[in-house]
Every structure is written in C-alpha cells, then in structure tokens.
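See structure below.
Reckoned from all heavy atoms, side chains included, excluding hydrogens, waters and symmetry mates. Whatever order the structure lists them in is the order used to number ligands and atoms, beginning at 1.
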Amino acid sequence: MSTPALLSPLQIGPLTARNRLWLPPMCMYSAQEHDGVATDWHVLHYGTRAVGGFGTVIVEATAVTPEGRLSEFDLGLWDDAQIEGHRRIVAAIHDGGALAGVQLGHGGRKAGTPPWRPDAAGARAGTLQGWDLVAPSAIAYPSEGHAVPRELDEAGIARLVEAFAQAARRAAAAGYDLIEIHGAHGYLLHEFLSPLSNTRSDAFGGDESGRRRFPLQVVAAVRHAIDDAGSSAGTIDGAEAGAPRALGIRLSATDWAEGGLTGQDTARFAVELAAAGVDAIHVSTGGNVPGTVPVGPGYQVPYAAQARAALAASVADGGPGAGVIVVAVGVIDSAAQAEAILTAGDADAIAAGRPALRDPYLPVRWAHELGVNDWREAGLPVQYWRGAWR
Ligand code: FNR
C-alpha cells in the first residue's frame with residue numbers, strides 16, 4: 001500500500017514536517033493573568049498534540065504588544081521575560097516529534113474582549129473597559145458593545161511593525177521553527193487589508209496596494225528578524241541560533257460581505273506574499289464583520305484551492321510562488337475528507353482544530369483509518385509501539 005498523502009512529509013521553506021497535518025492556532029486563554037506568560041497548561045496541551053502525531057503544531061495567537069491581546073489571558077511575546085515559557089512549550093512539541101510554530105498577532109479593534117470561555121464573565125460581550133484599541137481607522141467592530149478604536153498614525157504603525165519584528169526575534173530565541181503572522185479573523189492586519197475596516201486616505205489605505213502596505217511591512221520585518229536570528233552564530237538567549245526558520249501567514253480569504261475582500265483578492269495577495277518571502281499560506285475566512293457564513297464541511301477549502309492555483313499559475317509564468325505551501329482549514333473532520341483535499345490538489349496540508357480538542361491522537365487515528373497500522377508510519381511514539389494495531 002502506498003503512503004497516504006496525509007502522511008507524506010511536508011516541506012515548509014527550509015524545514016520538513018513528518019506529515020501534512022497541522023494543529024491550527026487555538027487560544028487557550030490560560031496564560032498568567034496580565035503578564036502573558038505561558039503556564040503548565042500550554043506545555044501539556046501542545047505537547048500532547050505533538051505526541052498525538054501532528055506534523056506541525058501552531059501555538060495560539062500570541063500578542064506582540066499588551067494592547068494587542070484579545071484578552072488578559074492571552075500568551076505574549078512582547079517581553080524577553082516571556083521567552084522561557086515558550087521555550088518549555090517548544091521543547092514539549094519537539095519531544096513529541098512535531099515542528100513548533102507560533103502565531104504572532106495583534107487584535108486591533110477586536111483586542112480586549114473577554115475570553116471565549118464559558119467560565120468567563122461576559123464571554124464574547126464586547127470590549128473590556130479601558131482597553132486602548134488601535135486600528136487603521138476609527139471604526140468600531142460593528143457589533144454591540146465594541147468600542148471605537150484610535151486611528152493609528154504613521155509613527156504608531158512603525159512601532160507596531162517593530163513590535164512584530166521583536167516578537168519574532170523572541171520566538172526564534174524560544175526555538176520555534178515556524179512563525180505564523182496572524183493576518184486573519186478581523187484582527188489588526190486583516191483590518192488594514194479590508195476596505196470594510198480601512199478607510200484611510202494616506203499611504204496605508206485606499207487601493208489594494210495601500211491597504212497591503214502595513215501587512216507587507218510586517219512580513220518583511222519578521223522575515224528579516226528570523227533570518228537574522230538564523231544567521232547569527234552561537235545561541236540567542238540560550239536557544240540554538242543558526243537554525244533555519246519558516247515564515248507563514250494566516251489570511252481570511254473572504255470577508256463574506258458586500259464590498260469586502262474576496263477570494264480573488266486573496267489569491268493575488270498570495271503571490272505578492274510569496275515574493276515577500278512567505279513559505280506557507282494558511283487560508284481561513286471571515287471575522288472582520290458580523291454576518292452569515294455558510295459553515296459546513298470543508299467550506300473554506302475552495303479559497304485554499306484558489307490561492308494554490310494562483311501560486312501555480314505565477315510559477316508557470318516564471319513569477320514567484322515556487323515551494324510556497326497552502327494549508328486548508330475549517331470543518332475538515334475525517335481522514336477520508338482530508339486525504340481527498342490533498343489528492344485533489346486543493347491544498348498541501350490540512351489543519352484540524354476542534355477535532356483535535358476532542359482527540360489529541362487524531363493524526364494517529366486518521367492514519368489507522370487510512371489503513372496505516374504500522375506504529376512508525378502511523379506516528380505512534382516509540383514508547384507506545386505496543387499500542388499498535390494487530
Ligand atoms: C480558534 N481559532 C483561532 N484562529 C487563529 O487564527 N488564532 C487563534 O488563536 C484561534 N483561536 C481559536 C480558539 C478556539 C478554541 C477555536 C475553536 C478556534 C480558529 C481555528 O484555528 C480554526 O481555524 C477553526 O477552529 C476552524 O477549524 P476547525 O476547528 O473546524 O478544524
């Protein structure tokens with residue numbers, strides 16, 4: 001039997017993951033309150049999913065500034081004191097045999113909302129009191145209880161570009177293999193990209209190229225920071241320097257709204273991102289304005305396919321995009337479905353989030369469902385080889 005596509009190795013820039021399954025970033029709202037420092041929960045949660053067979057584990061949205069947090073319980077990388085906790089998470093993920101990634105983000109006008117946890121008072125009920133919200137334009141997220149953000153000036157934009165670069169430097173120091181920039185779900189980068197939230201008339205707004213300026217500056221600064229960390233000799237704060245690292249970005253391909261971003265806009269942007277040095281494009285949708293989203297099995301996959309086709313067309317024309325991978329996500333919850341997406345050529349990798357909250361061994365189970373019973377091929381750790389199927 002040939003190896004299922006899902007279990008074949010995945011090249012991400014300079015790195016190789018053991019298979020094509022990603023754990024997508026999912027906020028745990030379990031950092032130490034106020035200081036954004038990781039706790040044992042993170043080590044346990046991410047380490048378990050690595051042991052469970054994921055090839056790539058992306059740690060949740062991690063804030064590049066305190067005001068960029070989505071809640072007081074978010075992880076951060078705005079301070080060197082936060083590196084040590086991430087180092088422990090990375091060690092646990094590596095022990096489980098997976099590549100370790102972290103999503104760096106800023107919540108923009110959607111920062112400072114109570115955690116989406118049923119045990120949190122006022123879960124998902126608007127902006128927390130006193131939060132200093134910043135955004136491309138002074139337009140509140142159009143839903144009850146959300147405060148009007150301050151419009152960023154050019155100095156504020158430059159400070160945030162630098163904050164992303166510094167957070168990326170710390171992520172490299174913590175040993176992460178992959179840095180994923182959060183450009184989706186109505187947070188700061190997405191707010192710049194979308195005409196629904198960016199009505200600026202300066203160089204950072206207006207047409208497509210103006211709206212892309214800040215996100216592309218962030219991409220360039222983060223690429224530079226991680227390449228710099230990779231080329232410096234010795235160690236950075238005790239972590240291995242000189243290690244090659246990959247750069248990813250998560251996008252909301254469509255705003256699912258009249259006048260908003262479309263799959264075509266995003267497919268074109270994917271090519272521009274490839275030229276800017278991005279190795280992986282993780283295709284989600286929505287989050288910038290409320291509305292009806294046709295959620296169902298694989299509902300975002302056509303957007304991943306569209307971006308992948310644009311990259312392939314660019315390469316065929318001698319343009320950028322060679323080696324850039326596309327990750328599909330969203331209600332992909334069976335092995336057969338995941339395998340079919342890969343064999344159809346709609347994506348290079350599959351992220352499965354909520355199914356992995358129910359079952360940390362999802363990849364091992366999916367391997368078995370695809371007919372792989374050998375413990376090594378299925379991704380069972382050596383310690384568990386006796387648990388293999390007979
Ligand atoms: C998420 N999601 C998410 N997305 C993101 O880009 N950064 C994040 O930190 C989070 N946080 C988060 C927390 C929780 C509890 C859930 C359930 C989801 C979205 C997530 O990565 C994924 O895109 C969606 O869950 C859809 O994929 P699944 O769950 O259908 O496989």
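Using a 30° and 60° split on the angle between ring planes, Y299 and W256 fall in the parallel class, below 30°. The aromatic rings of H182 and Y187 sit perpendicular to each other, their planes meeting at more than 60°, with 30° as the lower class boundary. Ring planes of F192 and F214: tilted class, angle from 30 to 60°.
Each of the following atoms of ligand 1 lies closer than 4.0 Å to a heavy atom of R354: 17 (C), 25 (O), 26 (C), 28 (P), 29 (O), 30 (O), 31 (O). The distance from ligand 1 to the heavy atoms of H185 drops below 4.0 Å at these ligand atoms: 4 (N), 5 (C), 6 (O). Atom numbering of ligand 1 starts at 1 in the shown order; those under 4.0 Å from a heavy atom of A61 are 9 (O). For ligand 1, the atoms sitting less than 4.0 Å from at least one non-hydrogen atom of G330 are 26 (C), 27 (O), 30 (O), numbered in the order shown with element in parentheses. Using a 4.0 Å cut-off to heavy atoms of V329, the atoms of ligand 1 that qualify are 23 (O), 27 (O). When each atom of ligand 1 is checked for a heavy atom of Q103 under 4.0 Å away, the hits are 5 (C), 6 (O), 7 (N), 8 (C), 9 (O).
Using modelled atom types, no side-chain atom of R250 and backbone atom of S284 make a donor-acceptor pair closer than 3.5 Å.
Geometrically, ligand 1 and P25 share a nitrogen or oxygen pair separated by less than 3.5 Å. The shortest N or O to N or O distance between G353 and ligand 1 is below 3.5 Å. For ligand 1, the polar-atom distance check against E60 finds no nitrogen or oxygen pair separated by under 3.5 Å. Polar contact with ligand 1: absent for A352 (N/O pair, distance under 3.5 Å).
Among protein heavy atoms, the minimum distance from atom 16 (C) of ligand 1 is reached at M26 CG, 3.8 Å.
At a heavy-atom distance under 4.0 Å, only side-chain atoms of R250, from C-beta outward, approach ligand 1.
Taking every heavy atom of both residues into account, P244 and L15 meet most closely at O-CD2, 3.5 Å.
No side-chain N or O of N288 forms a donor-acceptor pair with one of H185 less than 3.5 Å apart.
For CD of Q11, the number of neighbouring non-hydrogen atoms (other residues, nucleotides, ligands) closer than 6.0 Å is greater than 12.
For atom 24 (C) of ligand 1, the protein comes within 4.0 Å by no heavy atom at all.
Classification of R169 and D80 as a salt-bridged pair holds, one side-chain N sitting under 4.0 Å from a carboxylate O.
Between L160 atom CG and Q217 atom CD the span is 11.0 Å, to the nearest 0.5 Å.
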